[in-house]
Q: 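My questions all concern the structure below.
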Amino acid sequence: MPTTSGAPAIPLPKSARLPINRCNLPAAILGSLTFQHAPVALELDGVKELHRGLFELLDKLDDVKERAHAFMLHMNASFFLGQPEQAGFTADSTLDRSRADYLRMVRGWAFDADGREGAVMKGWVESRFGLLQRYHGGPIRDFSDDTYRRYLEMRSAGLYGTNALEAQLDLLYTYCQYELARSHPGKMHLTLYRGVNRMDDHETLAQLDGKRRVVLLNSLSSFTANKERADEFGDYLLTAEVPLSKIAYYTRLLPDMLRGEEEYAVIGGLYEVGMAAY
């Protein structure tokens, strides 16, 4: 049975998802082609309820910079980011991870998606949305091989000794969704681009025609809203209609978050994409 776009109804492979997650929809649905074509809001369990006061405050602020400032102050207060001793860190600790916060994870991911911070970000997507990583320094198809083991080691090392790091990422995602809803009222998708050197690095599940295919994206992938910038990163250009609810964060969300412009971290699953070669 075809989808509304004419693409075949390809299910998200069981090897790419977990049976449970911490979201209002299971991975089999939020990672599907149907979800890409007809998305709904995604909410992480308990985050809005726990931080209700923040979002009530944000509703009263019309200026985006004021909202960003309020969010960062709330993040600092909620997780004692400016007072590591309040979070249990001591001066005589053998390993000081007090600066391993949400901003460091985002910046580390942008610098090297296959590094330690990248492993933490992909692991967060796995835990919260139930989408398993498909690539980290190499393809991951066998959960008993060395590539998967190295990924697990990096993820564990990145989380060890940190201050509720994944909970910080939960709040960052929820704030990102709040800002996207305010800046794009009534809109469900953004057209985003990704430059790649080898199409073989992306899992193709169906070739729709010479210019469209169905791909299974990694649990977290970098896209850009700037088509010309995407061209700089490869010989092939992928174009996707990305649901707003599958954007984990973007570079303009917070001041000085990242130096790059118009970059988006996109949660994975099945996507119908356009493909052009240069």
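Note that this is a predicted model, so its numbers are computed, not measured. The figures that follow rest on heavy atoms only: side chains count, while hydrogens, waters and symmetry mates do not.
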Q: Nearest 0.5 Å, what's the CZ-OG1 distance between Arg212 and Thr239?
A: 12.5 Å
Q: Does the Arg194 side chain pair with the main chain of Ser222, one donor and one acceptor, at a distance under 3.5 Å?
A: yes
Q: Looking at Glu263 and Arg252, does any basic side-chain N land under 4.0 Å from a carboxylate oxygen?
A: no
Q: Provide the closest heavy-atom pair for Lys48 versus Glu43 in the form atom of the first, atom of the second, distance.
A: NZ-OE2, 4.0 Å
Q: Please lay out, stage by stage, how Leu190 and His184 fare under the test side chain to side chain contact (heavy atoms under 4.5 Å, CB included).
A: CA-CA 9 Å; Leu190 287 182; His184 302 283; 3.8 Å; yes
Q: So, taking the atom named CE in Met188 and the one named OG in Ser245, what distance separates them when rounded to the nearest 0.5 Å?
A: 6.0 Å
Q: Flag the pair Val47 / Leu171 as yes when at least one side-chain heavy-atom distance between them is below 4.5 Å, and no otherwise.
A: yes
Q: Taking NE2 in His69 as the centre, count heavy atoms belonging to other residues, nucleotides or ligands within less than 6.0 Å. Is the count above 12?
A: no
Q: Can you tell me how far apart CG (Leu50) and CG (Asp45) are? Round to the nearest 0.5 Å.
A: 12.0 Å
Q: Spell out, yes or no, whether Leu132 and Val215 are grouped together once hydrophobic residues are joined by side-chain heavy atoms under 4.5 Å, including indirect joins.
A: no
Q: Can Met105 be reached from Phe79 by stepping across I, L, V, M, F, W or Y side chains whose heavy atoms are under 4.5 Å apart?
A: yes
Q: Please test Leu103 against Leu254 for side chain to side chain contact (heavy atoms under 4.5 Å, CB included), starting from the C-alpha separation and ending with a verdict.
A: CA-CA 10 Å; Leu103 288 173; Leu254 298 173; 4.3 Å; yes
Q: Between the side chains of Glu262 and Lys227, is the shortest nitrogen-to-carboxylate-oxygen separation below 4.0 Å, so that they form an ion pair?
A: no
Q: Out of curiosity, Leu217 CG to Gln133 CD, how far, rounded to the nearest 0.5 Å?
A: 14.0 Å
Q: Side-chain contact, heavy-atom cut-off 4.5 Å: Tyr264 with Val242?
A: no
Q: Do side-chain atoms of Thr204 reach the backbone of Ala206 as a donor and acceptor pair under 3.5 angstrom?
A: no
Q: Just wondering, more than 12 heavy atoms not from Phe111 lying within 6.0 Å of its CZ?
A: no
Q: Please check this pair: side chain of Asn24 against backbone of Ala41, looking for a donor-acceptor N/O pair closer than 3.5 Å.
A: yes
Q: Would you confirm whether Glu153, through its side chain, and Tyr148, through its main-chain N or O, come within 3.5 Å as a donor-acceptor pair?
A: no
Q: Go through the steps to decide whether Asp59 and Tyr178 satisfy the test side-chain hydrogen bond (donor to acceptor under 3.5 Å, both in side chains), and finish with yes or no.
A: CA-CA 10 Å; Asp59 285 341; Tyr178 177 90; 2.7 Å; yes
Q: Could you check whether any side-chain heavy atom of Ile247 comes within less than 4.5 Å of a side-chain heavy atom of Phe223, counting everything from C-beta outward?
A: no
Q: Kindly work out whether a path of hydrophobic side-chain contacts (I/L/V/M/F/W/Y, heavy atoms less than 4.5 Å apart) joins Phe143 to Leu152.
A: yes
Q: If we ignore hydrogens and angles and just use 3.5 Å, is the side chain of Lys122 paired with the main-chain N or O of Tyr135 as donor and acceptor?
A: yes
Q: For the backbone of Leu42 and the side chain of Gln177, can you confirm whether one donor and one acceptor N or O come within less than 3.5 Å of each other?
A: no
Q: Determine, for Asp101 against Arg104, whether the closest basic-nitrogen to carboxylate-oxygen distance falls under 4.0 angstrom.
A: no
Q: Are Arg155 and Glu126 packed together at the side-chain level, in the sense that at least one heavy-atom pair is separated by less than 4.5 angstrom?
A: yes
Q: Quick check, are the ring centers of Tyr173 and Phe129 under 6.0 angstrom apart?
A: yes
Q: Say whether, by atom type as modelled, one donor and one acceptor occur between the side chain of His136 and the main chain of Asp114 under 3.5 angstrom.
A: yes
Q: Just one of Val266, Thr224, Leu238 clears the side chain to side chain contact (heavy atoms under 4.5 Å, CB included) bar with Leu192, so which one?
A: Val266
Q: Nearest heavy-atom pair of Thr191 and Tyr193: which atoms, and what distance?
A: CG2-OH, 3.6 Å
Q: Where does the angle between the aromatic ring planes of His51 and His74 fall among parallel (under 30°), tilted (30 to 60°) and perpendicular (over 60°)?
A: perpendicular
Q: So, Lys246 side chain and Gly268 main chain: donor-acceptor pair closer than 3.5 Å or not?
A: yes
Q: Cluster question for you: counting only ILVMFWY and a side-chain heavy-atom cut-off of under 4.5 Å, with indirect links fine, are Leu18 and Ile140 together?
A: yes
Q: Other hydrophobic cluster members with Met154, side-chain heavy atoms of Ile/Leu/Val/Met/Phe/Trp/Tyr under 4.5 Å, chained?
A: none
Q: Please check this pair: side chain of Asn218 against backbone of Ser221, looking for a donor-acceptor N/O pair closer than 3.5 Å.
A: no
Q: Closest heavy-atom contact between Arg213 and Gln207?
A: NH2-OE1, 3.0 Å
Q: Any pair with a residue in residues 169-189 that passes salt bridge (Lys or Arg N to Asp or Glu O under 4.0 Å), sequence neighbours left out, goes on the list, sorted by first then second residue, please.
A: Asp62-Arg182, Arg67-Glu179, Arg128-Asp170
Q: Consider ring-ring contact (aromatic ring centres under 6.0 Å, His included). Of Tyr249, Phe55, Phe71, which one does Tyr175 pass it with?
A: Phe71
Q: Compare every heavy atom of Ile10 with every heavy atom of Leu270, then report the nearest pair and how far apart it is.
A: CD1-O, 3.1 Å
Q: Could you check whether any side-chain heavy atom of Leu220 comes within less than 4.5 Å of a side-chain heavy atom of Trp109, counting everything from C-beta outward?
A: yes
Q: Are the side chains of Val40 and Phe35 in touch, meaning some heavy atoms are under 4.5 Å apart?
A: yes
Q: Can you name the nearest heavy-atom pair linking Leu58 to Ala70, along with the distance?
A: CD2-CB, 4.1 Å
Q: Evaluate the side-chain proximity of Asn21 to Leu30: yes if any heavy-atom separation is below 4.5 Å, no if none is.
A: yes
Q: Out of curiosity, Ser15 OG to Leu12 CG, how far, rounded to the nearest 0.5 Å?
A: 8.0 Å
Q: Which distance, rounded to the nearest 0.5 Å, do you find between the CD of Gln168 and the CG of Leu165?
A: 5.5 Å
Q: Do you know which two heavy atoms are closest between Val125 and Ser219, and how far apart they sit?
A: CG1-O, 3.4 Å
Q: Does a donor on one side chain and an acceptor on the other come within less than 3.5 Å for His37 and Glu272?
A: yes
Q: Between Leu253 and Tyr250, is there a side-chain heavy-atom distance shorter than 4.5 Å?
A: yes
